[in-house]
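Comments concern the structure below.
Side chains are part of it too, since the values below use all heavy atoms of this structure and drop only hydrogens, waters and symmetry mates. Naming: A, B, ... by sequence-line order, numbering from 1 per chain.
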There are 2 protein chains.
Amino acid sequence: MATIERKLLNVEVANEIREMIRVGTLEKGDKINEKELSMALGVSRTPIREALQRLSIEGLIKIIPHRGAFVSSPRLRDIREMFEVMSVLEGTCARMAAEKMSEAEFKKLESLHLELEKHYQNRDHENYLQVNHRYHTYIQELTGNRVLNDIINGIRLKILLYRSQQLYQPRRFDDSISEHRALLEAFKKRDPVQAENLMKTHLMNQCEALVSLYADDDDNE
Amino acid sequence: MATIERKLLNVEVANEIREMIRVGTLEKGDKINEKELSMALGVSRTPIREALQRLSIEGLIKIIPHRGAFVSSPRLRDIREMFEVMSVLEGTCARMAAEKMSEAEFKKLESLHLELEKHYQNRDHENYLQVNHRYHTYIQELTGNRVLNDIINGIRLKILLYRSQQLYQPRRFDDSISEHRALLEAFKKRDPVQAENLMKTHLMNQCEALVSLYADDDDNE
DNA sequence: ATAAAATATATTGTATACAATCAGGGAGTA
DNA sequence: TACTCCCTGATTGTATACAATATATTTTAT
């Protein structure tokens with residue numbers, strides 16, 4: 001028998017807003033109007049506001065007193081800082097995963113990699129990103145550390161605010177897949193140190209690609 | 001002219017509760033009664049509830065639907081996971097700090113270390129812990145990465161739920177100070193790799209000390 | 001006397017009402 | 001025209017009211 005999932009509106013609303021941000025309905029800098037949203041979702045402002053409090057702690061939105069809630073628009077510096085932490089954390093995941101990875105788990109990882117290759121051949125950015133996300137998530141999960149997972153997921157969602165700009169430069173696409181190939185080799189050899197280092201540089205390269213696209217943007221910094 | 005700090009009650013209330021947890025007025029497992037707290041603080045339940053939402057995302061409390069908010073009481077597994085992440089993050093701080101530490105900054109660190117030594121001589125656990133906290137915080141700040149800082153501070157507060165048990169075993173007290181001595185040497189030499197490794201093991205040792213005290217406890221796991 | 005059922009009380013969750021603050025527009029002046 | 005001031009409407013922040021659920025107490029039956 002399944003656990004009865006008791007639903008609270010503020011949790012549902014938070015999920016809803018998070019999803020809007022994830023898929024791009026809400027973009028960085030957008031203002032979130034409480035009344036508007038409450039009518040759209042058919043609930044009162046109370047659960048809306050409670051959800052906004054939650055999201056502000058997650059860092060997805062910023063609440064300016066008496067002005068309202070705005071979708072976060074991290075500055076260049078914030079992006080760099082987030083990636084710096086991400087590279088360390090995902091590097092750690094890679095190391096831990098390489099240390100304890102079973103053969104079945106490697107096969108699963110390999111199949112994800114093959115999906116990546118396919119989308120790369122087809123120059124299908126959208127699906128590449130999607131599978132890439134599943135690939136990284138899978139490695140995280142192999143660590144079995146939920147605290148680690150939660151932190152990484154939280155940061156990733158914030159970085160996702162910039163997904164539109166991400167990876168749409170062909171050069172970065174090429175580099176990304178070759179980094180992934182090297183990474184798979186390291187996992188195949190169960191080499192924790194190499195896996196960690198490759199993952200770290202993979203992340204830092206992604207950061208640089210994002211930042212370079214973004215540097216000449218106006219309202220950030 | 002100073003920035004006008006506009007205060008919102010929910011933020012104030014969250015600070016208040018956080019402080020209660022930090023100093024021990026609220027302990028792990030305690031229930032937080034909304035009405036009671038609202039009367040004690042002289043505000044309505046609205047800002048109280050908004051604050052609770054925030055704290056639940058921080059992980060300091062757990063909200064059980066229709067039952068109420070309870071101060072988190074992490075299981076043994078959670079503690080281990082938090083320390084695992086902490087060791088990586090604080091290790092990273094140590095590495096980054098060692099890489100960029102100025103002479104003046106080292107002097108400051110050294111003076112903090114000397115305070116530690118003093119309290120160690122006097123077997124003054126309370127003040128040792130206090131200075132130890134400032135020491136670690138200082139290293140964090142040297143990195144200049146606010147994202148990193150926020151994450152570490154968040155986890156530390158949760159670990160602090162167990163401060164009562166921490167370091168009150170004489171053996172651990174001795175080990176802690178000698179680990180700190182080695183650490184200071186590494187910083188003096190500006191050796192990032194060693195600083196990182198020493199910090200990591202320092203944290204993992206602290207974890208083991210805490211867990212061992214705690215293993216025979218009842219309601220955890 | 002114990003255990004289950006029923007009722008009452010307390011607490012949480014949600015909606016609404018009211019207060020404080022902000023954003024925008026027009027009137028008036030230089 | 002450009003600028004300031006004041007006013008109005010809109011939006012956020014807080015308090016209260018009501019509804020739903022959980023906990024405690026009493027009642028009832030065995």
Side-chain angles (χ1 to χ4, degrees), chain A residues 1-18 20-21 25-73 219, chain B residues 1-18 20-21 25-73 219:
Chain A
M1 112 184 148
T3 315
I4 293 162
E5 263 305 319
R6 197 168 282 291
K7 304 193 176 193
L8 296 186
L9 286 185
N10 63 51
V11 177
E12 298 291 311
V13 170
N15 290 341
E16 202 66 39
I17 297 174
R18 218 179 282 110
M20 288 186 200
I21 291 175
T25 310
L26 283 172
E27 286 183 80
K28 58 184 151 75
D30 284 359
K31 164 150 194 195
I32 299 174
N33 184 305
E34 295 177 6
K35 185 168 187 181
E36 212 172 276
L37 191 60
S38 86
M39 307 231 289
L41 300 179
V43 299
S44 80
R45 277 177 57 218
T46 306
I48 302 274
R49 284 183 58 83
E50 291 183 357
L52 292 177
Q53 298 299 324
R54 302 174 76 107
L55 295 170
S56 78
I57 294 297
E58 292 180 10
L60 273 181
I61 67 172
K62 184 168 172 54
I63 295 175
I64 301 175
H66 297 101
R67 302 272 311 269
F70 300 82
V71 179
S72 293
S73 60
D219 56 356
Chain B
M1 119 183 143
T3 315
I4 292 162
E5 263 305 319
R6 196 169 286 288
K7 304 191 175 193
L8 295 186
L9 285 185
N10 64 51
V11 176
E12 298 291 311
V13 171
N15 290 340
E16 202 67 38
I17 298 174
R18 218 180 280 113
M20 288 184 199
I21 291 175
T25 310
L26 283 171
E27 286 182 81
K28 59 185 148 76
D30 285 358
K31 165 151 193 194
I32 299 174
N33 183 305
E34 294 177 7
K35 186 169 185 179
E36 211 172 278
L37 192 59
S38 85
M39 307 229 291
L41 299 181
V43 300
S44 80
R45 277 177 57 221
T46 307
I48 302 275
R49 284 184 57 84
E50 291 184 356
L52 292 177
Q53 300 298 326
R54 302 174 76 106
L55 295 169
S56 78
I57 293 297
E58 290 180 12
L60 273 180
I61 68 173
K62 184 168 171 55
I63 295 176
I64 301 175
H66 297 101
R67 301 270 312 268
F70 300 83
V71 179
S72 293
S73 58
D219 57 355

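For A:Glu16, there are no salt bridge (charged side-chain N to carboxylate O under 4.0 Å, His left out) partners at least two apart in sequence or on another chain. The salt bridge (charged side-chain N to carboxylate O under 4.0 Å, His left out) test applied to A:Arg67 returns no partner, not counting sequence neighbours. Residues passing the side-chain contact (heavy atoms from CB on, under 4.5 Å) test with A:Leu9, sequence neighbours excluded: A:Val43, A:Pro47. Annotation: salt bridge (charged side-chain N to carboxylate O under 4.0 Å, His left out) contacts of A:Arg49 (sequence neighbours excluded): A:Glu34, B:Glu50.
At distances below 3.5 Å, at least one donor-acceptor pair connects side-chain atoms of B:Ser72 with backbone N or O atoms of B:Gly59.
The local environment of NZ in B:Lys35 is sparse, with at most 12 non-hydrogen atoms from other residues, nucleotides or ligands closer than 6.0 Å.
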Legend entry - Sugar-phosphate or base contact per nucleotide [nucleotides 7-14 of chain D; S, B, -; heavy atom under 4.0 Å]: ----SBBB

What's touching nucleotides 5-7 of chain C from the protein side, N or O pairs under 3.5 Å?
none

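Side-chain contact between B:Ile64 and B:Phe70 is present, with heavy atoms from C-beta onward closer than 4.5 Å.
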